[in-house]
Amino acid sequence: MVSIQTNMQWDAIALGKYNKMLNLIPVFHRRLAKEVVNKKAEQGAVARGSSIVEEIDIVQAFMTEVPKAFYSLMVRIMDEVGFDYKKYI
């Protein structure tokens with residue numbers, strides 16, 4: 001399992017899905033995805049005025065930070081781990 005170090009509290013269910021997703025991302029992209037998405041998800045929570053990172057923050061971070069070339073893979077993995085990404089786009 002990928003270890004996540006954050007500066008904020010994360011919703012436990014969303015974090016579980018995120019960990020599963022990170023483990024399904026190809027190894028050579030995993031570290032970079034984790035760094036970028038962690039930062040962007042926390043920024044999203046702050047922008048919403050929340051002290052907790054929630055599913056919306058994680059999904060939006062992936063949607064804005066993952067290159068379009070990997071979009072179909074990202075969507076497939078989101079479906080597989082249970083992120084309801086459609087309600088956030």
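Just so it is clear, the model here is predicted, and its values are computed rather than measured. As a basis for the values below, the full set of heavy atoms in this structure was taken, side chains included, without hydrogen atoms, waters or symmetry mates.
Nearest heavy atom pair, residue Lys40 against residue Thr64, reads CE-OG1, 3.6 Å. Minimum heavy-atom separation, Ala41 to Ala61: N-CB, 3.7 Å. Of all heavy-atom pairs spanning Ile52 and Trp10, the tightest one is CG2-C, 4.0 Å.
For residues 51-62, the pairs satisfying side-chain hydrogen bond (donor to acceptor under 3.5 Å, both in side chains) are Lys17-Glu55, Arg48-Asp57, with sequence neighbours left out.
Scored by the side-chain contact (heavy atoms from CB on, under 4.5 Å) test, Val36 finds Leu32, Glu65 as partners (sequence neighbours excluded). Glu35 meets the side chain to side chain donor-acceptor pair (under 3.5 Å) test with Arg31; sequence neighbours excluded.
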Show me the donor-acceptor pairs within less than 3.5 Å that the side chains of residues 67-89 make with the rest of the protein, sequence neighbours left out.
unit_1 : atom_1 : unit_2 : atom_2 : d
Arg76  : NH1    : Glu80  : OE1    : 3.3

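The shortest distance between side-chain heavy atoms of Met8 and Val46 falls below 4.5 Å. Side-chain contact between Tyr18 and Val53 is absent, with no heavy-atom pair separated by less than 4.5 Å.
Atom CD1 of Ile58 is separated from atom CD of Glu42 by 10.0 Å, given to the nearest 0.5 angstrom. Between the CG atom of Leu15 and the CD atom of Gln9 there is a distance of 10.5 Å, given to the nearest 0.5 Å.
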